[in-house]
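Every value quoted in this text rests on a predicted model; they were computed, and no experiment measured them.
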Amino acid sequence: MTLRDYFAAQALQGMLPYPGNEMWGSFAEMTPKQAAESAYGYADAMLAARVKS
């Protein structure tokens, strides 16, 4: 497992219990593929933030 995979798994773990949020959009309306792609988007953002630190 890469650090990117770990970050994506953590993001997905946070997204699934709270499927709806007016500020961030509704994860409940996403397909599993869309949720996974979104989680990897968060992972990529976390990796990019690490480089800036």
Side-chain angles (χ1 to χ4, degrees):
M1 177 184 291
T2 66
L3 185 57
R4 183 175 184 249
D5 293 331
Y6 177 78
F7 283 163
Q10 295 301 308
L12 190 59
Q13 186 176 8
M15 291 163 55
L16 294 179
Y18 304 101
N21 182 313
E22 290 180 16
M23 183 175 172
W24 298 104
S26 177
F27 301 120
E29 297 176 8
M30 290 184 180
T31 66
K33 182 179 179 189
Q34 290 170 323
E37 289 170 348
S38 181
Y40 272 101
Y42 282 107
D44 291 340
M46 286 186 273
L47 290 170
R50 289 182 79 226
V51 174
K52 292 181 182 180
S53 296

- prompt: Out of curiosity, does Tyr42 fall in the hydrophobic cluster containing Leu12 (side-chain heavy atoms, cut-off under 4.5 Å, transitive links)?
  reply: yes
- prompt: Minimum heavy-atom separation for Ala8 to Ala39, with atom names?
  reply: O-CB, 3.5 Å
query: In terms of hydrophobic clusters joined by side-chain contacts under 4.5 Å, are Leu47 and Tyr6 together?
result: yes
message: How long is the straight-line distance from CE of Met15 back to CE of Met30, given to the nearest 0.5 Å?
response: 5.0 Å
